Amino acid sequence: MEHPHHPETMDNTTTMDHSKMNHGTMPHGANPSMGMEGHNHHAMMIADFKKRFYVVLMLTVPIMLLSTMIQQFIGVNWQFTGSSYILFALSSVVFFYGGWPFLKGLVDEVKARNPGMMFLIGFAISVAYVYSVAIVFGLQGMDFFWELATLILIMLLGHWIEMKSVAGASKELELLVQLMPSDAHMVMPDMVHDVKTDTLKENDIILVKPGEKVAADGVILDGESYLNESMLTGESKPVQKTKGDKVIAGAINGNGSINVTVSHAAKDSYLSQVIKLVDLEQLDKKMASLFGLNVAG
C-alpha cells in the first residue's frame, strides 16, 4: 500500500474521534497480560508452599531425633514407651499436610493419564508412609519416617523456590507487555484512523502524539521530538529524534508530534522479541527446576 506524502505538521488533518467510531466492526482487545486474578492466585500458592515448608521443617526435627536410624548414627538411645506412636503421629501430619500438594497432583495426573513429577513424588511418599505405618503396627523392619519427612521438606522447598522464580519472571514480562500500546493512530489520505496495534503492517504510517507511546518500530517520516527509551535501552535521558531516525515500539514520546513509517508488524518488533526472550528464560528456569526436582524425586 502506497501512502502519499504528508505535510510536516498535522494541523490540517482531520482526526477521527475514537469514541464515535463503530465499535461493532472494531473489536477491542486488551494487551496480553497475566491479570490481577492470576497474580493473586500465584501469590497465594507461593504463600501456601512457604507455610507448609516451615510447618514441615519444625516437625522434621523431632521426627529425625526419634528415628532409630538417626539415633544409631549419632550414638544415642532416646527410645521410650510410646515413642513410635509419637513418631507416627508427627509423620502423619507431615504426610497429609506437607504432602497434600503432591498427593493431589498424583491424583490429577492419574486422572489425566499423564504421570509426571507429581506422580513420582506422591507415589514415593505414599509407599514410604504406608510401609512405615505397617512397621509401627507390627510388621518387622525399619520405618522410613525420617526419609519421608526430609523428602517432603526438600520437595516443598524446591517448589517454593521455583514458584518465586516464575513469579519474578512473570512480573518482568508483564512490565514489558505494558510498554506496548494497544491502539495506534494510522494516518490515512484524509484522516487519522485509530486501529489496533497488532493490525499494523510494514509501510503503514502512524501518528505519535506528545506523551504517547510509539506503537511500532519504524522511521520518522515527519516531525521531531525527544523520546524516552529508558525502559527499552537503559538510556537515562530522552533521546532527540528527527526525520529519518529509527524509533522503537514502547518508547514514550516527548512534546512533539511525529509521523512514523512502520518497519514491520508488531509481532516482529524489538519489544516483542525481548518479551519472547524473557518468556523463554522463564520457561527454561521452570524446566530446569522441574528437572532438578525429578532427579531429587
Side-chain angles (χ1 to χ4, degrees), residues 1-23 26-33 171-279:
M1 177 178 179
E2 294 186 0
H3 296 275
H5 178 70
H6 298 275
E8 292 295 316
T9 64
M10 297 303 297
D11 294 340
N12 298 324
T13 302
T14 302
T15 302
M16 181 175 287
D17 188 348
H18 183 63
S19 64
K20 296 179 181 178
M21 297 177 65
N22 185 351
H23 290 252
M26 284 189 63
H28 288 258
N31 278 338
S33 62
K171 289 178 182 177
E172 294 172 2
L173 190 61
E174 184 184 16
L175 289 174
L176 288 173
V177 169
Q178 289 175 350
L179 291 176
M180 182 69 78
S182 59
D183 297 306
H185 311 302
M186 188 165 75
V187 178
M188 307 298 286
D190 58 350
M191 67 177 63
V192 176
H193 185 60
D194 284 359
V195 298
K196 305 307 292 183
T197 300
D198 55 13
T199 64
L200 294 174
K201 304 182 296 297
E202 184 178 357
N203 293 326
D204 282 345
I205 298 177
I206 58 174
L207 167 65
V208 185
K209 298 178 182 180
E212 293 184 340
K213 294 177 182 177
V214 178
D217 293 354
V219 177
I220 295 179
L221 177 65
D222 297 317
E224 63 178 56
S225 184
Y226 283 86
L227 269 64
N228 184 345
E229 301 177 338
S230 58
M231 289 292 290
L232 299 164
T233 64
E235 177 62 49
S236 58
K237 297 181 179 180
V239 180
Q240 185 178 18
K241 298 288 185 177
T242 59
K243 183 177 179 179
D245 288 340
K246 293 182 178 180
V247 295
I248 305 173
I252 302 174
N253 188 21
N255 58 359
S257 293
I258 54 177
N259 287 340
V260 176
T261 302
V262 177
S263 300
H264 38 241
K267 64 182 179 65
D268 299 319
S269 69
Y270 169 81
L271 181 57
S272 294
Q273 299 305 314
V274 173
I275 290 173
K276 288 178 182 178
L277 288 174
V278 174
D279 203 18

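The residues of the chain are indexed from 1 along the displayed sequence. As the structure is a prediction and not an experimental result, all values here were calculated from the model.
- For the 3.5 Å distance criterion, the side chains of D217 and S263 fail to qualify, holding no donor opposite an acceptor.
- Within the model, atoms CG of N259 and CG of D222 stand 4.5 Å from one another, a figure rounded to the nearest 0.5 Å.
- Heavy-atom minimum distance, P181 versus A215: CG-CA, 3.6 Å.
- Here the side chain of T242 pairs no donor or acceptor atom with the backbone of E224 at under 3.5 angstrom.
- The side-chain contact (heavy atoms from CB on, under 4.5 Å) with M186 is formed by just one residue from the set V192, T199, D204; it is D204.
- Between A184 and I206, the shortest heavy-atom distance links the atoms CB-CG2, 4.3 Å.
- Residues I220 and V247 are in side-chain contact: their nearest non-hydrogen atoms beyond the backbone lie under 4.5 Å apart.
- Distance CD/Q240 to OG/S225: 9.0 Å, rounded to 0.5 Å.
- To the nearest 0.5 Å, atoms CG (N253) and CG (L207) are separated by 9.0 Å.
- No donor-acceptor pair closer than 3.5 Å links the side chain of S257 to the backbone N or O of K209.
- Taking D198 as the reference, K196 meet the side chain to side chain contact (heavy atoms under 4.5 Å, CB included) condition, with sequence neighbours excluded.
- Taken from NZ in K213 to CG in D183, the straight-line distance is 12.5 Å, to the nearest 0.5 Å.
- In plain terms, the two heavy atoms of I205 and T261 that are nearest each other are CG1-OG1, 4.2 Å.
- You'll find the side chain of D194 reaches within 4.5 Å of the side chain of H185, heavy atoms only.
- Side chains of L227 and I258 form a contact here, defined as non-hydrogen atoms less than 4.5 Å apart.
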